[in-house]
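Structure, as C-alpha coordinates:
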Protein chains: 2
Amino acid sequence: MYAEHVYDPSLPTPSQMRWVTDATNPDANAVPLPAVSPGPVRSLRSVDMPTNLTVTEIQQLDSIVLTTRHVRCGEKLFRARDVFQSLYTVRTGSFKTVVLHRDGHEQVTGFQIPGDSLGLGGICAGMHNCDAIALEDSTVCVMPFSQLESLCSRSHRMQRYLHQLMSREIVRESSLMMLLGTMTAEQRLAFFLLDLAARFRARGYSGTHFNLKMSREEIGCLLGMKLETVSRMFSRFHKEGMVEPNGKEIRIIDAERLSRV
Amino acid sequence: MYAEHVYDPSLPTPSQMRWVTDATNPDANAVPLPAVSPGPVRSLRSVDMPTNLTVTEIQQLDSIVLTTRHVRCGEKLFRARDVFQSLYTVRTGSFKTVVLHRDGHEQVTGFQIPGDSLGLGGICAGMHNCDAIALEDSTVCVMPFSQLESLCSRSHRMQRYLHQLMSREIVRESSLMMLLGTMTAEQRLAFFLLDLAARFRARGYSGTHFNLKMSREEIGCLLGMKLETVSRMFSRFHKEGMVEPNGKEIRIIDAERLSRV
DNA sequence: CGGTTAGTTGAGAAAGCTCAACAGATGTGG
DNA sequence: CCACATCTGTTGAGCTTTCTCAACTAACCG
(Lines give C-alpha, C1' and ligand atoms only; values in the text may rest on other atoms or scores of the structure.)
Protein backbone atom coordinates (compact mmCIF):
# COMPACT_ATOMS: atom_id res chain seq x y z
CA MET A 1 0.00 0.00 0.00
CA TYR A 2 2.75 2.44 0.92
CA ALA A 3 6.20 2.72 -0.64
CA GLU A 4 8.43 0.14 1.00
CA HIS A 5 10.74 2.72 2.52
CA VAL A 6 7.94 4.31 4.46
CA TYR A 7 8.17 4.16 8.23
CA ASP A 8 6.01 1.32 9.39
CA PRO A 9 6.76 0.21 12.92
CA SER A 10 4.93 -3.08 12.43
CA LEU A 11 7.92 -4.18 10.39
CA PRO A 12 10.98 -5.61 12.15
CA THR A 13 13.34 -2.99 13.57
CA PRO A 14 15.88 -2.01 10.94
CA SER A 15 19.35 -3.19 11.79
CA GLN A 16 20.68 0.23 12.64
CA MET A 17 18.13 0.44 15.42
CA ARG A 18 19.35 -2.67 17.20
CA TRP A 19 22.24 -1.08 19.04
CA VAL A 20 20.49 -1.41 22.34
CA THR A 21 18.58 -4.56 22.15
CA ASP A 22 17.48 -7.76 23.72
CA ALA A 23 20.59 -9.49 25.06
CA THR A 24 19.30 -12.78 23.70
CA ASN A 25 19.61 -11.46 20.17
CA PRO A 26 22.87 -13.01 18.93
CA ASP A 27 23.75 -10.47 16.26
CA ALA A 28 22.90 -7.45 18.33
CA ASN A 29 26.52 -6.57 18.88
CA ALA A 30 27.48 -6.75 15.25
CA VAL A 31 26.02 -3.38 14.54
CA PRO A 32 27.98 -0.21 15.33
CA LEU A 33 26.26 2.28 17.54
CA PRO A 34 25.05 5.19 15.47
CA ALA A 35 25.86 8.71 16.50
CA VAL A 36 23.00 10.16 18.44
CA SER A 37 22.08 13.49 17.00
CA PRO A 38 20.27 16.10 19.05
CA GLY A 39 16.99 17.58 17.99
CA PRO A 40 17.47 20.45 15.58
CA VAL A 41 17.77 23.67 17.50
CA ARG A 42 18.26 25.68 14.40
CA SER A 43 16.54 24.43 11.29
CA LEU A 44 17.36 20.82 10.58
CA ARG A 45 21.07 20.89 11.06
CA SER A 46 21.78 17.90 13.22
CA VAL A 47 24.90 17.90 15.31
CA ASP A 48 26.39 14.50 15.92
CA MET A 49 27.56 13.72 19.39
CA PRO A 50 31.32 13.50 19.45
CA THR A 51 31.59 10.23 21.34
CA ASN A 52 30.32 6.98 19.96
CA LEU A 53 30.66 3.76 21.82
CA THR A 54 32.91 0.93 20.79
CA VAL A 55 31.64 -2.57 20.11
CA THR A 56 32.87 -3.62 23.54
CA GLU A 57 30.89 -0.90 25.17
CA ILE A 58 27.82 -1.77 23.19
CA GLN A 59 28.23 -5.30 24.49
CA GLN A 60 28.44 -3.97 28.01
CA LEU A 61 25.32 -1.94 27.44
CA ASP A 62 23.57 -4.96 25.97
CA SER A 63 24.61 -7.03 28.96
CA ILE A 64 22.56 -4.89 31.33
CA VAL A 65 19.49 -4.86 29.13
CA LEU A 66 17.91 -7.70 31.00
CA THR A 67 14.47 -7.49 29.57
CA THR A 68 12.50 -6.29 26.60
CA ARG A 69 9.10 -5.09 27.58
CA HIS A 70 6.06 -5.03 25.33
CA VAL A 71 3.52 -2.26 25.67
CA ARG A 72 0.20 -2.41 23.86
CA CYS A 73 -1.25 0.56 22.03
CA GLY A 74 -2.67 3.05 24.52
CA GLU A 75 -1.07 1.43 27.54
CA LYS A 76 1.45 3.14 29.77
CA LEU A 77 5.10 2.16 30.09
CA PHE A 78 5.19 4.25 33.26
CA ARG A 79 3.15 6.97 34.91
CA ALA A 80 4.07 10.23 36.56
CA ARG A 81 4.97 9.59 40.23
CA ASP A 82 5.81 5.93 39.57
CA VAL A 83 9.03 4.94 41.28
CA PHE A 84 11.92 5.44 38.90
CA GLN A 85 14.01 2.34 38.42
CA SER A 86 14.93 2.06 34.76
CA LEU A 87 15.60 4.00 31.63
CA TYR A 88 14.04 2.73 28.44
CA THR A 89 14.96 2.79 24.79
CA VAL A 90 12.22 2.43 22.21
CA ARG A 91 12.95 -0.62 20.12
CA THR A 92 9.83 -0.84 17.98
CA GLY A 93 6.71 1.27 17.85
CA SER A 94 6.36 4.73 19.32
CA PHE A 95 5.37 6.62 22.45
CA LYS A 96 4.24 9.97 23.67
CA THR A 97 5.25 11.50 26.99
CA VAL A 98 2.62 13.55 28.80
CA VAL A 99 3.02 15.93 31.73
CA LEU A 100 -0.11 16.44 33.80
CA HIS A 101 -1.09 19.63 35.54
CA ARG A 102 -3.13 19.53 38.71
CA ASP A 103 -6.11 21.18 36.99
CA GLY A 104 -6.29 18.32 34.48
CA HIS A 105 -4.46 20.06 31.68
CA GLU A 106 -2.14 17.83 29.70
CA GLN A 107 0.99 18.75 27.81
CA VAL A 108 2.62 16.30 25.44
CA THR A 109 6.37 16.82 25.86
CA GLY A 110 7.55 14.55 23.06
CA PHE A 111 7.00 11.68 20.66
CA GLN A 112 9.56 8.89 20.82
CA ILE A 113 10.41 6.62 17.90
CA PRO A 114 12.83 3.67 17.79
CA GLY A 115 16.18 4.66 19.26
CA ASP A 116 14.75 7.37 21.51
CA SER A 117 15.09 7.27 25.28
CA LEU A 118 12.37 7.38 27.89
CA GLY A 119 12.47 8.08 31.60
CA LEU A 120 15.34 10.58 31.91
CA GLY A 121 13.15 12.98 33.89
CA GLY A 122 12.70 10.39 36.61
CA ILE A 123 16.30 10.37 37.86
CA CYS A 124 15.89 13.72 39.55
CA ALA A 125 13.39 12.85 42.24
CA GLY A 126 13.41 9.06 42.03
CA MET A 127 9.99 9.12 40.45
CA HIS A 128 8.85 9.67 36.91
CA ASN A 129 7.67 13.15 36.01
CA CYS A 130 5.44 12.15 33.10
CA ASP A 131 3.35 9.37 31.64
CA ALA A 132 4.83 7.40 28.75
CA ILE A 133 2.02 6.07 26.58
CA ALA A 134 2.40 3.73 23.61
CA LEU A 135 0.95 5.15 20.39
CA GLU A 136 0.88 1.63 18.94
CA ASP A 137 1.96 -1.82 20.05
CA SER A 138 5.58 -1.25 20.99
CA THR A 139 8.62 -2.79 22.59
CA VAL A 140 11.27 -1.15 24.71
CA CYS A 141 14.64 -2.18 26.09
CA VAL A 142 14.71 -1.90 29.86
CA MET A 143 17.94 -0.55 31.35
CA PRO A 144 17.93 -0.80 35.16
CA PHE A 145 19.39 2.50 36.20
CA SER A 146 21.49 1.23 39.09
CA GLN A 147 23.25 -1.16 36.72
CA LEU A 148 23.71 1.57 34.15
CA GLU A 149 25.26 3.72 36.87
CA SER A 150 27.78 1.09 37.88
CA LEU A 151 28.65 0.53 34.25
CA CYS A 152 29.24 4.26 33.98
CA SER A 153 31.59 4.14 36.96
CA ARG A 154 33.72 1.60 35.14
CA SER A 155 33.65 3.14 31.68
CA HIS A 156 34.35 6.77 31.02
CA ARG A 157 32.93 6.57 27.55
CA MET A 158 29.76 4.97 28.83
CA GLN A 159 29.48 7.72 31.39
CA ARG A 160 29.89 10.32 28.72
CA TYR A 161 27.33 8.56 26.60
CA LEU A 162 24.72 8.75 29.36
CA HIS A 163 25.55 12.38 29.98
CA GLN A 164 25.09 13.15 26.32
CA LEU A 165 21.77 11.34 26.32
CA MET A 166 20.54 13.50 29.16
CA SER A 167 22.00 16.70 27.77
CA ARG A 168 20.42 15.96 24.44
CA GLU A 169 17.05 15.79 26.13
CA ILE A 170 17.70 19.19 27.69
CA VAL A 171 18.55 20.64 24.28
CA ARG A 172 15.52 19.03 22.69
CA GLU A 173 13.24 20.55 25.29
CA SER A 174 14.88 23.96 24.90
CA SER A 175 14.10 23.89 21.22
CA LEU A 176 10.50 22.94 21.95
CA MET A 177 10.27 25.84 24.38
CA MET A 178 11.41 28.13 21.63
CA LEU A 179 8.78 26.69 19.35
CA LEU A 180 6.06 27.20 21.95
CA GLY A 181 7.25 30.63 22.96
CA THR A 182 8.00 32.32 19.67
CA MET A 183 6.41 30.58 16.68
CA THR A 184 3.05 30.89 14.92
CA ALA A 185 0.82 27.86 14.48
CA GLU A 186 2.02 27.50 10.90
CA GLN A 187 5.69 27.58 11.89
CA ARG A 188 5.12 25.11 14.70
CA LEU A 189 3.61 22.50 12.45
CA ALA A 190 6.30 23.03 9.81
CA PHE A 191 9.00 22.64 12.45
CA PHE A 192 7.32 19.54 13.82
CA LEU A 193 7.08 17.86 10.44
CA LEU A 194 10.66 18.67 9.48
CA ASP A 195 11.96 17.51 12.84
CA LEU A 196 10.08 14.24 12.56
CA ALA A 197 11.27 13.81 8.97
CA ALA A 198 14.88 14.36 10.03
CA ARG A 199 14.58 11.83 12.81
CA PHE A 200 13.09 9.21 10.53
CA ARG A 201 15.83 9.86 7.98
CA ALA A 202 18.52 9.58 10.65
CA ARG A 203 17.14 6.17 11.52
CA GLY A 204 17.07 4.88 7.97
CA TYR A 205 13.43 5.47 7.18
CA SER A 206 12.13 7.83 4.56
CA GLY A 207 12.40 11.48 5.44
CA THR A 208 9.72 12.50 2.98
CA HIS A 209 7.00 9.91 3.41
CA PHE A 210 5.84 8.53 6.73
CA ASN A 211 2.85 7.67 8.83
CA LEU A 212 1.94 9.64 11.90
CA LYS A 213 0.95 7.40 14.76
CA MET A 214 -0.47 10.27 16.76
CA SER A 215 -3.78 12.09 16.30
CA ARG A 216 -4.23 15.74 15.37
CA GLU A 217 -5.18 16.35 18.95
CA GLU A 218 -1.93 14.86 20.23
CA ILE A 219 0.08 16.92 17.76
CA GLY A 220 -1.77 20.00 18.92
CA CYS A 221 -1.07 19.10 22.52
CA LEU A 222 2.65 18.98 21.79
CA LEU A 223 2.64 22.18 19.76
CA GLY A 224 0.40 24.20 22.05
CA MET A 225 -2.57 24.52 19.73
CA LYS A 226 -6.02 23.05 19.21
CA LEU A 227 -6.67 20.09 16.94
CA GLU A 228 -8.73 22.26 14.58
CA THR A 229 -5.79 24.56 14.11
CA VAL A 230 -3.50 21.61 13.36
CA SER A 231 -5.98 20.43 10.77
CA ARG A 232 -6.23 23.89 9.19
CA MET A 233 -2.46 24.16 8.96
CA PHE A 234 -2.24 20.77 7.27
CA SER A 235 -4.86 21.98 4.79
CA ARG A 236 -2.89 25.17 4.21
CA PHE A 237 0.34 23.27 3.54
CA HIS A 238 -1.58 21.01 1.19
CA LYS A 239 -3.11 23.92 -0.70
CA GLU A 240 0.31 25.51 -1.05
CA GLY A 241 1.83 22.30 -2.37
CA MET A 242 4.32 21.74 0.43
CA VAL A 243 2.82 18.68 2.09
CA GLU A 244 0.52 15.94 0.85
CA PRO A 245 -1.42 14.88 3.93
CA ASN A 246 -3.68 11.89 3.59
CA GLY A 247 -5.03 11.44 7.08
CA LYS A 248 -2.11 10.09 9.05
CA GLU A 249 -0.02 9.40 5.95
CA ILE A 250 2.25 12.35 5.28
CA ARG A 251 4.28 13.11 2.19
CA ILE A 252 6.62 16.08 2.32
CA ILE A 253 6.77 17.66 -1.11
CA ASP A 254 8.80 20.81 -0.56
CA ALA A 255 10.91 20.65 2.58
CA GLU A 256 12.89 23.70 1.56
CA ARG A 257 9.84 25.93 1.39
CA LEU A 258 8.42 24.35 4.53
CA SER A 259 11.55 25.33 6.44
CA ARG A 260 11.13 28.94 5.35
CA VAL A 261 7.51 29.26 6.56
CA MET B 1 15.14 50.61 51.87
CA TYR B 2 13.88 47.04 51.65
CA ALA B 3 13.23 44.66 54.51
CA GLU B 4 16.49 42.97 55.39
CA HIS B 5 15.30 39.52 54.36
CA VAL B 6 14.61 40.65 50.82
CA TYR B 7 16.67 39.04 48.11
CA ASP B 8 19.45 41.39 47.20
CA PRO B 9 22.27 39.70 45.30
CA SER B 10 24.63 42.58 45.96
CA LEU B 11 24.88 41.29 49.52
CA PRO B 12 27.32 38.49 50.35
CA THR B 13 26.04 35.05 49.49
CA PRO B 14 24.15 33.61 52.44
CA SER B 15 25.96 30.71 54.04
CA GLN B 16 23.56 28.09 52.74
CA MET B 17 24.55 29.05 49.22
CA ARG B 18 28.23 28.36 49.70
CA TRP B 19 28.08 24.63 49.17
CA VAL B 20 29.86 24.91 45.87
CA THR B 21 32.30 27.67 46.33
CA ASP B 22 35.72 29.04 45.86
CA ALA B 23 38.16 26.44 47.14
CA THR B 24 40.09 29.18 48.87
CA ASN B 25 37.18 29.82 51.19
CA PRO B 26 38.16 28.05 54.42
CA ASP B 27 34.72 27.50 55.89
CA ALA B 28 33.16 26.33 52.65
CA ASN B 29 33.02 22.74 53.78
CA ALA B 30 31.41 23.44 57.09
CA VAL B 31 28.02 23.81 55.47
CA PRO B 32 25.98 20.74 54.57
CA LEU B 33 24.86 20.53 50.98
CA PRO B 34 21.19 21.38 50.79
CA ALA B 35 18.82 19.07 49.01
CA VAL B 36 18.27 20.24 45.49
CA SER B 37 14.58 20.45 44.81
CA PRO B 38 13.25 20.27 41.25
CA GLY B 39 11.13 23.01 39.78
CA PRO B 40 7.50 22.63 40.74
CA VAL B 41 5.72 20.54 38.18
CA ARG B 42 2.46 20.67 40.00
CA SER B 43 1.78 23.76 42.03
CA LEU B 44 4.64 24.59 44.34
CA ARG B 45 5.17 21.27 45.93
CA SER B 46 8.90 20.77 45.84
CA VAL B 47 10.27 17.26 45.85
CA ASP B 48 13.62 16.85 47.49
CA MET B 49 16.18 14.78 45.74
CA PRO B 50 16.85 11.60 47.69
CA THR B 51 20.65 11.81 47.66
CA ASN B 52 22.57 14.55 49.37
CA LEU B 53 26.30 14.67 49.37
CA THR B 54 28.46 14.12 52.44
CA VAL B 55 30.93 16.66 53.69
CA THR B 56 33.75 14.64 52.11
CA GLU B 57 32.03 14.79 48.76
CA ILE B 58 31.44 18.49 49.06
CA GLN B 59 35.17 18.82 49.69
CA GLN B 60 35.85 16.81 46.57
CA LEU B 61 33.50 19.00 44.62
CA ASP B 62 35.14 22.09 46.04
CA SER B 63 38.53 20.76 45.10
CA ILE B 64 37.71 20.82 41.41
CA VAL B 65 36.20 24.29 41.52
CA LEU B 66 39.43 25.85 40.39
CA THR B 67 38.15 29.29 39.63
CA THR B 68 35.43 31.71 40.42
CA ARG B 69 34.55 33.81 37.45
CA HIS B 70 33.04 37.27 37.58
CA VAL B 71 30.59 38.35 34.91
CA ARG B 72 29.45 41.94 34.65
CA CYS B 73 25.82 42.90 34.12
CA GLY B 74 24.85 42.28 30.51
CA GLU B 75 27.93 40.25 29.67
CA LYS B 76 27.87 36.65 28.59
CA LEU B 77 29.24 33.75 30.60
CA PHE B 78 29.10 31.70 27.41
CA ARG B 79 27.43 31.85 24.04
CA ALA B 80 25.59 29.30 21.94
CA ARG B 81 28.12 27.31 19.86
CA ASP B 82 30.98 28.11 22.24
CA VAL B 83 33.05 25.03 22.97
CA PHE B 84 31.68 23.33 26.08
CA GLN B 85 34.30 22.80 28.77
CA SER B 86 32.75 23.57 32.13
CA LEU B 87 29.55 23.56 34.08
CA TYR B 88 28.84 26.58 36.22
CA THR B 89 27.00 27.22 39.45
CA VAL B 90 25.72 30.70 40.16
CA ARG B 91 27.32 31.96 43.34
CA THR B 92 26.09 35.53 43.44
CA GLY B 93 23.89 37.52 41.10
CA SER B 94 21.66 36.05 38.44
CA PHE B 95 21.56 35.01 34.80
CA LYS B 96 19.21 34.34 31.95
CA THR B 97 19.71 31.65 29.34
CA VAL B 98 18.62 32.47 25.81
CA VAL B 99 18.14 30.16 22.85
CA LEU B 100 18.45 31.84 19.46
CA HIS B 101 16.50 30.88 16.37
CA ARG B 102 18.01 31.41 12.94
CA ASP B 103 15.42 34.08 12.09
CA GLY B 104 16.58 36.18 15.02
CA HIS B 105 13.84 35.15 17.41
CA GLU B 106 14.96 34.72 20.99
CA GLN B 107 13.52 32.50 23.66
CA VAL B 108 14.55 32.85 27.27
CA THR B 109 14.71 29.33 28.68
CA GLY B 110 15.32 30.22 32.30
CA PHE B 111 16.49 32.61 34.99
CA GLN B 112 19.22 31.32 37.29
CA ILE B 113 19.76 32.53 40.84
CA PRO B 114 22.46 31.52 43.34
CA GLY B 115 22.71 27.74 43.55
CA ASP B 116 21.41 27.14 40.04
CA SER B 117 23.46 25.38 37.36
CA LEU B 118 24.42 26.64 33.94
CA GLY B 119 25.73 24.84 30.87
CA LEU B 120 24.07 21.42 31.12
CA GLY B 121 22.81 21.67 27.55
CA GLY B 122 26.37 21.88 26.26
CA ILE B 123 27.40 18.34 27.18
CA CYS B 124 25.37 16.86 24.35
CA ALA B 125 27.23 18.24 21.35
CA GLY B 126 30.36 19.59 23.02
CA MET B 127 29.15 23.10 22.47
CA HIS B 128 26.74 25.29 24.36
CA ASN B 129 23.19 25.46 23.07
CA CYS B 130 22.32 28.84 24.53
CA ASP B 131 23.74 32.16 25.67
CA ALA B 132 24.07 32.71 29.42
CA ILE B 133 23.80 36.43 30.16
CA ALA B 134 24.31 38.08 33.54
CA LEU B 135 21.30 40.10 34.69
CA GLU B 136 23.54 41.95 37.15
CA ASP B 137 27.17 41.77 38.23
CA SER B 138 27.54 38.11 39.14
CA THR B 139 29.99 35.40 40.08
CA VAL B 140 29.94 31.73 39.17
CA CYS B 141 31.88 28.69 40.26
CA VAL B 142 33.59 27.03 37.32
CA MET B 143 33.55 23.24 37.30
CA PRO B 144 35.69 21.84 34.50
CA PHE B 145 33.56 19.04 33.13
CA SER B 146 36.36 16.55 32.51
CA GLN B 147 37.35 16.80 36.17
CA LEU B 148 33.77 16.49 37.26
CA GLU B 149 33.50 13.37 35.15
CA SER B 150 36.52 11.70 36.70
CA LEU B 151 35.22 12.60 40.13
CA CYS B 152 31.97 10.92 39.17
CA SER B 153 33.84 7.78 38.17
CA ARG B 154 35.31 7.56 41.64
CA SER B 155 32.22 8.46 43.62
CA HIS B 156 28.84 6.88 43.07
CA ARG B 157 27.11 9.54 45.04
CA MET B 158 28.79 12.29 43.09
CA GLN B 159 27.71 10.56 39.90
CA ARG B 160 24.19 10.39 41.12
CA TYR B 161 24.33 14.01 42.12
CA LEU B 162 25.30 15.07 38.59
CA HIS B 163 22.61 12.87 37.12
CA GLN B 164 20.04 14.46 39.37
CA LEU B 165 21.23 17.90 38.39
CA MET B 166 20.71 17.09 34.74
CA SER B 167 17.44 15.30 35.27
CA ARG B 168 16.19 18.22 37.30
CA GLU B 169 16.85 20.48 34.35
CA ILE B 170 14.80 18.14 32.14
CA VAL B 171 11.92 18.27 34.61
CA ARG B 172 12.16 22.03 34.91
CA GLU B 173 11.97 22.42 31.16
CA SER B 174 9.02 20.01 30.95
CA SER B 175 7.12 22.16 33.35
CA LEU B 176 7.91 25.29 31.34
CA MET B 177 6.68 23.50 28.23
CA MET B 178 3.43 22.86 29.99
CA LEU B 179 3.21 26.49 30.95
CA LEU B 180 3.82 27.61 27.38
CA GLY B 181 1.55 25.01 25.85
CA THR B 182 -1.50 25.09 28.06
CA MET B 183 -1.73 28.23 30.20
CA THR B 184 -3.24 31.68 29.70
CA ALA B 185 -1.11 34.80 30.09
CA GLU B 186 -2.52 35.32 33.56
CA GLN B 187 -1.71 31.78 34.66
CA ARG B 188 1.78 31.99 33.22
CA LEU B 189 2.71 35.05 35.20
CA ALA B 190 1.18 33.64 38.38
CA PHE B 191 3.14 30.42 37.93
CA PHE B 192 6.31 32.35 37.24
CA LEU B 193 5.99 34.48 40.37
CA LEU B 194 5.17 31.54 42.59
CA ASP B 195 8.01 29.49 41.16
CA LEU B 196 10.47 32.32 41.72
CA ALA B 197 9.11 32.87 45.21
CA ALA B 198 9.56 29.20 46.06
CA ARG B 199 13.12 29.23 44.78
CA PHE B 200 14.03 32.28 46.81
CA ARG B 201 12.44 30.74 49.88
CA ALA B 202 14.33 27.47 49.36
CA ARG B 203 17.55 29.47 49.33
CA GLY B 204 16.81 31.36 52.50
CA TYR B 205 15.54 34.60 51.01
CA SER B 206 12.05 35.94 51.41
CA GLY B 207 9.42 34.11 49.43
CA THR B 208 7.01 37.02 49.52
CA HIS B 209 9.16 40.05 48.83
CA PHE B 210 11.92 40.18 46.25
CA ASN B 211 13.43 42.20 43.46
CA LEU B 212 13.20 41.08 39.88
CA LYS B 213 16.48 41.55 38.09
CA MET B 214 14.91 41.00 34.68
CA SER B 215 12.78 43.37 32.62
CA ARG B 216 9.15 42.89 31.64
CA GLU B 217 10.36 42.07 28.19
CA GLU B 218 12.64 39.29 29.48
CA ILE B 219 9.82 37.86 31.57
CA GLY B 220 7.60 37.92 28.51
CA CYS B 221 10.28 36.21 26.49
CA LEU B 222 10.40 33.38 29.02
CA LEU B 223 6.63 33.09 29.28
CA GLY B 224 5.86 33.40 25.57
CA MET B 225 4.07 36.75 25.69
CA LYS B 226 4.71 40.39 24.90
CA LEU B 227 5.98 42.85 27.48
CA GLU B 228 2.72 44.82 27.35
CA THR B 229 0.81 41.68 28.28
CA VAL B 230 3.18 41.04 31.21
CA SER B 231 2.59 44.59 32.38
CA ARG B 232 -1.19 44.26 32.08
CA MET B 233 -1.15 41.05 34.10
CA PHE B 234 0.90 42.69 36.83
CA SER B 235 -1.68 45.49 36.90
CA ARG B 236 -4.48 42.95 37.08
CA PHE B 237 -2.87 41.12 40.01
CA HIS B 238 -2.36 44.45 41.70
CA LYS B 239 -5.96 45.53 41.22
CA GLU B 240 -7.14 42.19 42.61
CA GLY B 241 -4.91 42.52 45.66
CA MET B 242 -2.75 39.47 45.03
CA VAL B 243 0.56 41.15 44.21
CA GLU B 244 2.04 44.52 45.06
CA PRO B 245 4.31 45.33 42.15
CA ASN B 246 6.43 48.42 42.42
CA GLY B 247 8.47 48.33 39.26
CA LYS B 248 10.94 45.52 39.80
CA GLU B 249 10.17 45.20 43.49
CA ILE B 250 7.54 42.53 44.01
CA ARG B 251 5.51 41.75 47.09
CA ILE B 252 3.29 38.70 47.01
CA ILE B 253 0.20 39.39 49.08
CA ASP B 254 -2.00 36.37 48.46
CA ALA B 255 -0.03 33.38 47.19
CA GLU B 256 -2.94 31.06 47.78
CA ARG B 257 -5.24 32.96 45.46
CA LEU B 258 -2.44 33.46 42.97
CA SER B 259 -1.96 29.72 42.72
CA ARG B 260 -5.64 29.26 41.90
CA VAL B 261 -5.68 31.74 39.01
C1' DC C 1 19.50 68.34 33.27
C1' DG C 2 18.25 66.45 28.95
C1' DG C 3 18.17 62.09 26.66
C1' DT C 4 17.27 57.39 26.79
C1' DT C 5 15.17 53.32 28.47
C1' DA C 6 11.52 50.76 30.99
C1' DG C 7 6.94 50.43 32.25
C1' DT C 8 1.92 51.45 31.86
C1' DT C 9 -2.32 52.00 29.49
C1' DG C 10 -5.56 52.39 25.55
C1' DA C 11 -7.61 51.19 20.97
C1' DG C 12 -7.83 48.50 16.98
C1' DA C 13 -6.09 44.30 14.48
C1' DA C 14 -5.04 39.55 14.07
C1' DA C 15 -4.27 34.84 15.37
C1' DG C 16 -6.15 31.16 17.21
C1' DC C 17 -10.11 29.24 19.99
C1' DT C 18 -14.93 27.63 20.52
C1' DC C 19 -18.88 25.73 18.88
C1' DA C 20 -21.12 23.38 15.35
C1' DA C 21 -21.97 20.67 11.29
C1' DC C 22 -20.47 17.19 8.54
C1' DA C 23 -17.54 13.52 6.24
C1' DG C 24 -14.62 9.46 6.43
C1' DA C 25 -12.61 5.97 8.80
C1' DT C 26 -12.78 2.41 12.16
C1' DG C 27 -14.68 -0.90 14.99
C1' DT C 28 -18.36 -4.02 16.77
C1' DG C 29 -22.13 -7.07 17.24
C1' DG C 30 -25.59 -9.36 14.93
C1' DC D 1 -20.19 -9.14 5.89
C1' DC D 2 -23.20 -5.53 6.80
C1' DA D 3 -25.41 -1.92 9.63
C1' DC D 4 -24.73 1.00 13.11
C1' DA D 5 -22.18 3.50 16.45
C1' DT D 6 -18.12 5.82 17.51
C1' DC D 7 -14.08 8.21 16.78
C1' DT D 8 -11.11 11.21 14.00
C1' DG D 9 -10.48 14.76 10.90
C1' DT D 10 -12.10 18.84 8.15
C1' DT D 11 -14.27 23.15 7.49
C1' DG D 12 -16.99 27.37 8.61
C1' DA D 13 -18.51 31.43 11.53
C1' DG D 14 -18.21 34.20 15.31
C1' DC D 15 -15.73 35.21 19.54
C1' DT D 16 -11.80 35.86 22.82
C1' DT D 17 -7.23 36.59 23.89
C1' DT D 18 -3.23 38.46 22.89
C1' DC D 19 -0.57 41.32 19.78
C1' DT D 20 0.55 45.69 17.56
C1' DC D 21 0.96 50.39 17.46
C1' DA D 22 0.88 54.52 19.91
C1' DA D 23 0.95 57.85 23.56
C1' DC D 24 2.46 58.99 27.85
C1' DT D 25 4.97 58.74 32.40
C1' DA D 26 8.59 57.45 35.50
C1' DA D 27 13.11 56.04 36.34
C1' DC D 28 17.78 55.99 35.22
C1' DC D 29 22.25 57.58 33.30
C1' DG D 30 25.90 60.14 31.59
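Chain naming here is simple, since letters A, B, ... match the order of the sequence lines and numbering starts at 1 in each.
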> How many Å lie between CD1 on A:Ile219 and P on D:dT10, as a whole number?
Replying inline: 9 Å

> Between the side chains of B:Ser138 and B:Thr92, is a donor N or O closer than 3.5 angstrom to an acceptor N or O?
Replying inline: no

> Would you say the base of D:dT17 and the side-chain of B:Arg236 have a donor-acceptor pair closer than 3.5 Å?
Replying inline: no

>> In whole Å, I'd like the distance from the CE atom of B:Met225 to the C1' atom of C:dG16.
In response: 17 Å

> Rounding to a whole Å, what distance do you find between A:Arg216:CZ and C:dT26:P?
Replying inline: 13 Å

>> Does D:dT10 have its OP1 or OP2 closer than 4.0 Å to a side-chain nitrogen or oxygen of A:Ser235?
In response: no

> Should the pair B:His101 and A:Phe191 be assigned to parallel (<30°), tilted (30 to 60°) or perpendicular (>60°) ring geometry?
Replying inline: tilted

>> What I want to check is whether an N or O donor and acceptor connect the side chain of B:Arg232 with the base of C:dG10 at under 3.5 Å.
In response: yes

> In terms of ring plane angle, is the pair B:Phe200 and B:Tyr205 parallel, tilted or perpendicular, where the classes change at 30° and 60°?
Replying inline: perpendicular

>> For C:dA15 and A:Thr184 - does any side-chain N or O of the residue sit under 4.0 Å from the phosphate oxygens OP1/OP2?
In response: no

> B:Ile250 CD1 to C:dA6 P: how many Å, rounded?
Replying inline: 17 Å

> Side chain of B:Glu228, base of D:dC21: donor and acceptor closer than 3.5 Å?
Replying inline: yes

>> Could you tell me how far apart B:Met233 (CE) and C:dT9 (P) are, to the nearest whole angstrom?
In response: 12 Å

> For D:dG9, does either OP1 or OP2 sit under 4.0 Å from a side-chain N or O belonging to A:Lys248?
Replying inline: yes

>> Students often get this wrong, so: under 4.0 angstrom with heavy atoms, is A:Ser231 touching a base, only sugar-phosphate, or nothing?
In response: base

> Any idea which of C:dG16, D:dG9, C:dT8 is nearest the B:Leu227 side chain?
Replying inline: C:dT8

> Once you round it to whole Å, what is the distance between P of D:dT10 and NZ of A:Lys226?
Replying inline: 17 Å

> Rounded to whole angstroms, how far apart are CE on B:Met183 and P on C:dC17?
Replying inline: 16 Å

> How about A:Thr139 and A:Thr68: does a side-chain donor come under 3.5 Å of a side-chain acceptor?
Replying inline: no

> Rounded to the nearest Å, what distance is computed from the CG atom of residue B:Asn246 to the P atom of nucleotide D:dA26?
Replying inline: 13 Å

>> Can you confirm whether the side chains of B:Glu169 and B:Ser117 place a donor and an acceptor under 3.5 Å from each other?
In response: no

>> Using OP1 and OP2 only, check whether a side-chain N or O of A:Ser215 sits under 4.0 Å from D:dC7.
In response: no

